[in-house]
**Q** 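Here's a structure for you.
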Amino acid sequence: MQLRDELHQHNYRYYVENSPVISDQEFDFLMHELQDLEAKHPELFDANSPTQRVGSDLNNEFETVVHTRPMLSLGNTYNRQEVADFWKRVSDGLMGAPFQICCELKFDGLSISLHYEDGCLTRAVTRGDGTQGDDVTANVRTIRSIPLQLPKGGDWPGQFEIRGEILMPWASFERLNAEREQAGEPLFANPRNAASGTLKSKNSSTVAQRGLDAYLYYLLGDGIPGDGHYQNLEAAARWGFQVSKSMTLADTLDDVFAFIDYWDKERRNLPVATDGVVLKVNSLAQQKSLGMTAKSPRWAIAYKFQAEQAETTLRQVVFQVGRTGAVTPVANMDPVQLAGTQVRRATLHNADVMASLDLHYGDRVLVEKGGEIIPKIVGKAEADNSKLKNQNSKIEFVERCPVCGSTLVRYEGEAAHYCPNETGCPPLILGRIEHFISRKAMNINSLGPETVDDYYRMGLISNAADLYELKALSKSSSAENDFKSSPLGGGLAEAKILSSIEQSKQVPFERVLYAIGIRFVGEIAAKTLARYYGSMEKVAEASMESLMQINGIGEVIANSVVQYFANPDNRAFVERLRGYGLQMEIGEQQKQAQSDKLNGQSVVISGVFQHHSRDEYKALIEQNGGKNVGSISNKTCFILAGDNMGPAKLEKAQKLGIRIMSEDEFLSLIQM
Ligand code: IVH
C-alpha cells in the first residue's frame, strides 16, 4: 500500500536520519488517514504497518524461542595490555596474514536479534540465555528506529538476521524517571535497566511511549552482501537500519588505541549510554578461521571503559532532607575534573556507608562516576593511608533534622534516617503535597512540582487541603478584572490547575485514603482498608486489633494508621478535605468483597515487578485467600514472577513443574 510505504519512509527520515521532510502535523495527518483506511478495511491488516508502532493494550505473552544461531557474549578486557594480547592472538591465529579490526562502541542496553523475511520484520528475540530468548516482536515493533519493512527494491537478502542493542537514550531515561518520581514510583537505576524493564513490559503501548532506540551491529545469514563486517553494516545502513556512525576500521594496534582514547572522552556527548568498545576482526573468512571458544568468539573482544575516578580533598559534609524525609549525607569537596564535568559534591548515601568510609575533614578521597549519575566517594586515596592518621575530627552522621531540628528516626530494615516531622518540615510538606496530587492519588495533573514549590513559597498553600482554597484567591483577583495580577499566575495554566483541582473531588475514596499519605499505606493497602471499612470515619476509628484482622494489613501498617488518626492535625486536615467535598465513602461498585480465588494456595514471589511492590503483591495474595511463602516446594501452587527471577528458583520450579505466572496474569486472575 502506497500510504504505508510513504509513512515507512518518513519514519526512517525522522528516527534514523534525523532529517524529516514533512512536519509532525503532516505526519500525524497521514497516519490518521492510514488508521482510518485500516479500520474500514480489516482485511488489509498488516502487523508491519506503520500504525502498529503505537502498540496495543493486549497482553503479550512472551514465547520462548530457540535462536537460529546462538547469541554468544564477548570476552572482556579492562586494560591496554589485554587489547594488545588480543591483537597478537589474532595475528598469530591468522599466521601473520594482514587483517583489519572493526572498532565499534559498546552500547549499554540489551541485545536483540531481529529476523527479516522478504524485507519484513518477522521476529525479534531477546538474548535470553544465549540459546533461547523471549519473543518480544510486538514490543520491538513500536521502536521507531527499527524498520518494519525495508524499502522495496533494495539489495537486501530474502532472509537474514541482524543483531544489535536496544537502548533507552539519556533524554527518555531522564523523562521517564522524572515522571516516575512524580507518580511516587520507584526509579530505574540506569538506562539499561529502564530499557530492559520496558522491553519486557507486557503492554506494547507502554513500550511505544518510552522512547526506546536501537543500534544494529551484526549482520548474519547466508545471502549477506560480502566478506567485510564493516561493509555489511554499511549496506544495512542503506537498507534503513540505524548503524552507529562511530564505527571505524583499524589497520594497526595504534589505530585501535586512538579509537579507544577518542571515545573514552567523547562518549559523554552521545545521546545513549556506552560502556566500552567492541573490537572485531573485519573479514568474515578470517572470523571463521579463528573460530570460537565455548563461550565467545576468538575474533572479537570488548574493552570496558574504566569508571572514571578522581582524587580530591573532602571539606565538609552537609545533610540533605528529601521529600520523603530521608536524610542523605552529601560531601563538599575541592572541585575536581571528572568525566567531563567539574565535580564538587558527591553522595555518601547513608549513615552506614559514611561510617564505613571513616571520613575526617581534609581527607584525600576518591570520587567515581559509575553507572549512576551522581558521583560518589568510593574510598580514600592511597596516599592518604600511608600518611599519619588524619588528626581532624571524624565526621559523624547528624542526629537531628538539619531543616527543622526534629530527632531523626531509622525504621527497621531501612538504610536511611528520616525526619519524622511530616506536617512541620518544609521538604516533607512539599513531598506530601506532591504525593497528594500525583497520578495514582488525586491526579491533579496540571499542577507540577515547580508550581507547588512556588505556591508554597508565596504562602498560598501550606498543606494539600489549601489547594481547595485557591479558587477563592483566583476569584478575588478576577473580580478586579486583572488576570495578570492573580497570585496563581493567571491565564490558561491557572484555569487548568483550578479545573483539575475541582475534578479531583470526584476521585474515589480509596485513592483519597492513599493520597492523604499515611506512612506505609500504599495503593493496595488503601484499597484494602477502603473496601473493608467503607468510609474515612470508620478507618479513623479502627483499633489495632480490628486493623490487624484484615488480610494483608500487618502490624506496621495498622500501627501507622492508628498513629495517623491519633494526631489532631491529621484529623483536622481530613475534616477540611471532607468539607471541600472530597469522597470520604466507598462508591457502590467498589463495595465488592475480596475474593477467595486463591483459597489456601501457597504462592512464591520472585523477581522485580513493574506494577506493584512485593509487599503489595503479598497483600493481594492474602486478600484473595492465598498464602505467600518464601521457598519453592512441591506444595507451591504457583510462582508470581517478575523480571530477573533468580536462576536457581527458575530451575527448581521447572523441575517440580510449578506454574510461573506473570504479573499481568496474576492481576487479571484476581481482577484488580
Ligand atoms: S557484537 C559475537 N557489538 O555486548 C558478537 N556487541 O558482551 C556479539 N554489545 O551481548 C556481539 N555493543 O549486548 C557487539 N557494537 C557491539 C556491541 C555489543 C554492545 C553488547 C551485546 C553483547 C555484549 C557482549
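Order of listing sets the numbers, starting from 1, for every ligand and every atom in it. Remember, it's a predicted structure, so these values are computed and weren't measured experimentally.
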**Q** For the residue pair Tyr303 and Phe305, categorise the inter-ring angle as parallel (less than 30°), tilted (30 to 60°) or perpendicular (more than 60°).
**A** perpendicular

**Q** Could you tell me which residues satisfy side-chain hydrogen bond (donor to acceptor under 3.5 Å, both in side chains) with Gln309, sequence neighbours excluded, listed by chain and number?
**A** Glu368

**Q** Can Asp222 and Gln159 be counted as having a side-chain donor-acceptor contact under 3.5 angstrom?
**A** no

**Q** Against ligand 1, does Leu105 come closer than 4.0 Å with any heavy atom?
**A** yes

**Q** Side chain or backbone, does Phe107 bring an N or O within less than 3.5 Å of an N or O on ligand 1?
**A** yes

**Q** Less than 4.0 Å is my threshold; does some heavy atom of Arg163 fall inside it relative to ligand 1?
**A** no

**Q** Heavy-atom contacts under 4.0 Å between Leu74 and ligand 1: side chain, backbone, both, or neither?
**A** both

**Q** Donor-acceptor pair, distance only, cut-off 3.5 Å: does the side chain of Asn139 make one with the backbone of Leu199?
**A** yes

**Q** When you compare ligand 1 with Glu165, is there at least one nitrogen or oxygen pair between them that comes in under 3.5 angstrom?
**A** yes

**Q** Given Tyr217, Tyr215, Tyr218, which one has a non-hydrogen atom that is nearest to atom 6 (N) of ligand 1?
**A** Tyr217

**Q** Quick check: Lys280 and ligand 1, any N/O pair under 3.5 Å apart?
**A** yes

**Q** Answer yes or no for Ala302: is there a heavy-atom contact with ligand 1 below 4.0 Å?
**A** no

**Q** Are any of the N/O atoms in Lys106 less than 3.5 Å from those in ligand 1?
**A** yes

**Q** Could you check whether Asn177 and Glu174, counting side-chain N and O atoms only, form a donor-acceptor pair closer than 3.5 Å?
**A** no

**Q** Going by atom type alone, with no hydrogens or angles, which donor-acceptor pairs under 3.5 Å involve a side-chain atom of residues 71-84 and a protein atom two or more places apart or on another chain?
**A**
from	atom 1	to	atom 2	distance (Å)
Thr77	OG1	Ala302	O	3.2
Asn79	OD1	Gln81	N	3.2
Asn79	OD1	Glu82	N	2.9
Arg80	NH2	Asp261	OD1	2.3
Arg80	NH2	Asp261	OD2	2.9
Gln81	NE2	Asp85	OD1	2.9
Glu82	OE1	Tyr78	N	3.1

**Q** To which protein heavy atom is atom 2 (C) of ligand 1 closest, and what is the distance rounded to 0.1 Å?
**A** Pro297 CG, 3.6 Å

**Q** Are more than 12 heavy atoms, taken from residues, nucleotides or ligands other than Lys618, located less than 6.0 Å from that residue's NZ atom?
**A** no

**Q** Return yes or no for this condition: an N or O of Ser111 is under 3.5 Å from an N or O of ligand 1.
**A** yes

**Q** So which heavy atom in the protein is nearest atom 8 (C) of ligand 1, and how far is it from that ligand atom?
**A** Leu72 O, 4.0 Å

**Q** Any carboxylate oxygen within less than 4.0 angstrom of a Lys/Arg side-chain nitrogen, looking at Lys202 and Glu663?
**A** no

